[in-house]
Number of protein chains: 2
Amino acid sequence: MSSLKPAKRTTIYDLADLAGTSASAVSAVLNGNWKKRRISSQLAEKIMRIADEQGYALNMQASLLRRDKSHIIGMIVPKYDNRYFGSIVELFEEMARARGLFPIITCTRRDPELELEAARTMLSYQVDCLIATGATDPDRITELCAASGVRTLNLDLPGSLAPSVITDNFAGARELTRRVLVNCERRLGRRQSLLFIGGRGSDHNTAERIRGFREAHADFGVAIDEAHILPCGYAPEKAEKALDKLIASGGLPPQGMFVNSTISLEGVMRWVRRTGHLDDRSIVLGCFDWDPFVALLGNEIEMVKQDVPAMLSTVFEIIDSGASTPAITQVPPLLSGF
Amino acid sequence: MSSLKPAKRTTIYDLADLAGTSASAVSAVLNGNWKKRRISSQLAEKIMRIADEQGYALNMQASLLRRDKSHIIGMIVPKYDNRYFGSIVELFEEMARARGLFPIITCTRRDPELELEAARTMLSYQVDCLIATGATDPDRITELCAASGVRTLNLDLPGSLAPSVITDNFAGARELTRRVLVNCERRLGRRQSLLFIGGRGSDHNTAERIRGFREAHADFGVAIDEAHILPCGYAPEKAEKALDKLIASGGLPPQGMFVNSTISLEGVMRWVRRTGHLDDRSIVLGCFDWDPFVALLGNEIEMVKQDVPAMLSTVFEIIDSGASTPAITQVPPLLSGF
DNA sequence: AATTCTTGCTTCATCGATTGAGCAACAATG
DNA sequence: CATTGTTGCTCAATCGATGAAGCAAGAATT
């Protein structure tokens with residue numbers, strides 16, 4: 001069973017011997033520019049046949065060592081545990097391959113040290129370009145890469161040293177907040193301020209979403225309870241704890257909420273079920289994120305879906321254009337009927 | 001802004017010049033075996049300092065070309081759109097890195113041609129080992145890799161030519177079916193046969209789950225309606241269409257279902273909501289997969305969570321042991337309180 | 001017939017890191 | 001004082017693919 005392993009992999013030299021020609025000719029034929037190098041089509045065919053018979057596979061390492069561009073494109077991504085990043089990664093791979101690039105992706109679990117470590121590793125692998133998705137400290141990554149002459153782009157969270165493609169968080173959050181406020185009025189019979197929960201107060205996206213959240217309240221003439229702005233982090237447990245703490249300190253159970261991600265929503269829903277502070281049906285929710293099962297949850301949860309195809313198209317446009325100006329491109333998110 | 005790009009990246013030769021020593025010494029110092037090569041610690045320190053100052057990054061391509069093992073480990077994975085594969089990928093990366101391996105992952109969207117293409121590419125990148133996760137045609141991948149002397153392991157779906165690590169689908173499905181049958185009796189007041197939906201009839205896992213499904217019905221003395229076994233594929237739309245067709249051909253809306261994945265469950269839930277054939281509350285569901293929001297869906301859906309940490313531990317044990325016997329290791333799945 | 005062009009290859013240096021072999025300088029031993 | 005050992009390095013070949021330069025043989029041109 002596939003036992004006698006070929007101690008050596010087949011190289012162009014082996015093929016050259018078998019074909020009675022030179023490694024140079026083999027190389028030219030196999031990488032497709034044999035016309036330019038004036039190899040006869042007979043020899044080309046012969047070499048291709050032999051390569052096929054021998055199951056020849058190019059040694060990329062050797063090939064890349066010789067070439068100037070690697071055509072490897074790297075991406076770092078915080079997590080694989082939600083639809084948003086999952087679709088980013090899946091589509092990124094597809095689009096990269098469609099452009100003849102080889103994508104390598106690394107998950108850095110929102111850890112700044114891991115992000116830098118991953119960037120260093122990718123530099124070793126000679127990436128031509130690195131996309132930092134949702135990076136905690138994108139500018140350090142850009143600096144590190146710039147020192148090796150490698151381009152960087154920021155996705156999802158912006159940086160100040162490289163082009164960034166992000167969702168229009170302000171507009172999305174304002175519209176989402178408005179809808180939840182309207183739902184509140186319709187379902188609970190009165191206008192009331194919402195609770196904001198999830199995300200990191202220090203990150204741009206969360207700050208912008210809070211700004212949109214405030215603006216929508218102002219538009220509706222509803223005052224915000226500052227104790228109800230809780231950017232407690234991303235993990236589900238953090239949202240649960242923040243709500244526990246709010247109640248413990250005498251706060252009232254919030255009837256309307258703006259939840260900053262599906263991951264935080266997981267914590268919110270667990271808290272709702274666990275504490276029973278709120279009737280499952282009388283809670284009015286909005287989520288700045290999208291998940292198919294959340295849509296089925298039955299609470300008429302309003303959701304904002306970030307426009308991943310548009311974001312990635314923009315990313316590749318910037319790459320193709322060669323620009324490296326640190327400008328921020330904002331992509332409108334998708335709300336049903338917006 | 002980071003404009004004057006270093007036309008050349010720093011190499012060990014540059015460092016050697018700067019340190020007034022040889023490239024050989026620099027290499028020895030930087031890859032850590034300078035003790036074996038009897039480099040003085042003074043020189044070592046000097047070289048390390050200069051490398052640091054210059055922001056030196058190893059050229060992996062050159063390094064790998066020279067070495068015999070690449071320490072690159074590849075994984076192909078069907079999709080990133082569910083928690084199961086998401087956690088596989090995330091944990092695989094972590095475990096690989098912890099072992100000093102460099103993981104590269106590619107998503108092949110359940111397309112056999114893409115799987116082979118991805119495997120070929122990974123061979124070019126000199127992977128030492130390739131994990132085929134949920135592969136449609138794992139044996140062809142094994143054959144391809146064996147021709148280059150590269151080890152393969154199958155995960156999630158078994159193959160016949162390489163070691164496979166899979167969930168104990170039969171036992172998991174039998175237990176899940178039993179629970180749903182019990183729930184049916186409790187909630188609907190009578191024992192009745194369930195509908196099986198989702199997955200590919202041709203894949204091992206689905207076949208084993210159907211076997212467990214049958215066995216549980218037999219245990220309970222309930223006859224199965226053969227028209228209610230619908231391995232219609234993985235996409236949500238396929239489950240929706242299969243149910244539509246069932247009803248169109250005169251079947252009764254099934255009150256209890258065994259759904260083969262969260263992806264299929266998405267379709268089932270959409271169908272339930274859309275057609276209104278069933279009261280949302282009177283449907284009794286089990287899902288051979290796990291998702292946090294499904295757990296919150298409120299229908300008391302029984303779920304089987306595959307034991308990803310145990311599966312990956314087994315994978316790495318097999319890799320470490322060096323075994324390449326085509327044996328199947330079955331890992332028990334996790335049911336709450338099982 | 002002499003020259004230039006074209007075709008179809010081969011030769012060889014190169015990419016950057018690794019490593020066996022070798023070598024000078026000095027220390028230790030008989 | 002001659003030999004052996006040790007320390008601390010350097011040299012040069014090598015991994016596999018690439019492509020500029022070169023070269024021989026025949027075709028075309030003057």
Side-chain angles (χ1 to χ4, degrees), chain A residues 6-48 51 54-72 123-126 128 148-149, chain B residues 6-48 51 54-72 123-126 128 148-149:
Chain A
K8 277 275 184 183
R9 281 145 106 126
T10 313
T11 71
I12 52 168
Y13 297 93
D14 303 328
L15 297 182
D17 283 352
L18 287 168
T21 180
S22 70
S24 173
V26 174
S27 170
V29 169
L30 295 180
N31 67 31
N33 59 7
W34 52 279
K35 298 228 156 184
K36 278 155 233 155
R37 309 243 357 238
R38 296 186 313 215
I39 306 292
S40 68
S41 42
Q42 301 152 50
L43 181 56
E45 267 173 51
K46 183 178 180 188
I47 288 174
M48 295 203 274
Q54 299 295 313
Y56 169 80
L58 175 71
N59 182 328
M60 258 318 167
Q61 256 73 48
S63 178
L64 292 184
L65 180 57
R66 198 60 234 285
R67 296 197 309 227
D68 47 344
K69 305 209 76 190
S70 72
H71 298 288
I72 298 178
L123 287 179
S124 280
Y125 280 91
Q126 311 297 109
D128 283 340
S148 296
Chain B
K8 276 273 183 185
R9 282 146 106 125
T10 314
T11 71
I12 52 169
Y13 297 94
D14 304 328
L15 297 181
D17 283 352
L18 287 168
T21 182
S22 70
S24 168
V26 174
S27 170
V29 169
L30 295 180
N31 66 30
N33 60 7
W34 50 280
K35 298 228 156 183
K36 278 156 230 152
R37 302 218 53 189
R38 297 186 313 215
I39 305 289
S40 68
S41 42
Q42 302 152 50
L43 181 58
E45 268 174 49
K46 183 178 179 187
I47 289 174
M48 295 204 271
Q54 300 295 315
Y56 170 79
L58 174 70
N59 183 327
M60 257 322 166
Q61 259 74 49
S63 179
L64 292 186
L65 180 56
R66 196 60 232 285
R67 295 197 313 227
D68 46 344
K69 304 209 77 188
S70 71
H71 298 289
I72 299 178
L123 286 179
S124 280
Y125 280 91
Q126 310 298 109
D128 283 339
S148 296

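Every chain is numbered from 1 and lettered A, B, ... according to where its sequence line falls, protein lines coming before strand lines. These numbers were taken from a predicted model, which means no experiment stands behind them.
- Taking OH from A:Tyr125 and CD from A:Gln61, the interatomic distance works out to 7.5 Å, rounded to the nearest 0.5 Å.
- Over its full length, the helix from C:dA2-D:dT29 to C:dG30-D:dC1 turns its helical axis through 60°, comparing axes from the five pairs at each end and rounding to 10°.
- Taking a heavy-atom distance under 4.0 Å as the criterion, the stretch of DNA chain C touched by chain A extends 5' to 3' from C:dT7 to C:dG16.
- For DNA chain C, the residues of residues 58-66 of chain B within the heavy-atom distance limit of 4.0 Å (strictly under) are B:Leu58, B:Asn59, B:Ala62, B:Ser63, B:Leu65, B:Arg66, sorted by number.
- Pairing each heavy atom of A:Ala16 with each of A:Ala23, the nearest pair is CB-N, 3.5 Å.
- Within residues 35-48 of chain B, the residues that have a heavy atom under 4.0 Å from DNA chain C are, in order of number, B:Arg37.
- Take A:Thr10 and apply the side-chain hydrogen bond (donor to acceptor under 3.5 Å, both in side chains) test, not counting sequence neighbours, and it matches no residue.
- In this structure the side chain of A:Leu30 never reaches within 4.5 angstrom of the side chain of A:Leu58, judged on heavy atoms.
- Listed by chain and number, the residues in a side-chain contact (heavy atoms from CB on, under 4.5 Å) with B:Lys35 amount to none (sequence neighbours excluded).
- Here OG of B:Ser27 is found 7.0 Å from CG of B:Asn33. Values are rounded to the nearest 0.5 Å.
- Under the side-chain contact (heavy atoms from CB on, under 4.5 Å) criterion, A:Thr11 pairs with A:Tyr13, A:Asp14, not counting sequence neighbours.
- With sequence neighbours excluded, no residue satisfies side-chain hydrogen bond (donor to acceptor under 3.5 Å, both in side chains) with B:Arg66.
- B:Asn59 has its side chain out of reach of B:Arg9: every pair of non-hydrogen atoms, C-beta onward, lies at least 4.5 Å apart.
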task = Quick one: do B:Ile12 and B:Tyr56 satisfy side-chain contact (heavy atoms from CB on, under 4.5 Å)? Show the steps, please.
result = CA-CA 8 Å; B:Ile12 52 169; B:Tyr56 170 79; 3.5 Å; yes
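- Of all the heavy atoms in B:Leu65 and A:Ala62, the pair that sits closest is CD1-CB, 3.6 Å.
- A heavy atom lying under 4.0 Å from DNA chain C marks the following residues of residues 15-31 of chain B, by number: B:Ser24, B:Ser27, B:Asn31.
- The shortest heavy-atom contact between B:Asn31 and B:Ala28 is OD1-O, 3.3 Å.
- Looking at residues two or more places apart in sequence or on another chain, you find a side-chain contact (heavy atoms from CB on, under 4.5 Å) between B:Ser70 and B:Leu64, B:Ile72, B:Gln126, B:Asp128.
- A:Lys69 has its NZ atom 17 Å from the P atom of D:dT18, to the nearest Å.
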In a table with atom names and distances, give each donor-acceptor pair under 3.5 Å that connects a side chain of residues 36-45 of chain B to protein atoms at least two apart or in another chain.
unit_1  : atom_1 : unit_2  : atom_2 : d
B:Ser40 : OG     : B:Leu43 : N      : 3.3

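- Partners of B:Ser24 by side-chain hydrogen bond (donor to acceptor under 3.5 Å, both in side chains), not counting sequence neighbours: none found.
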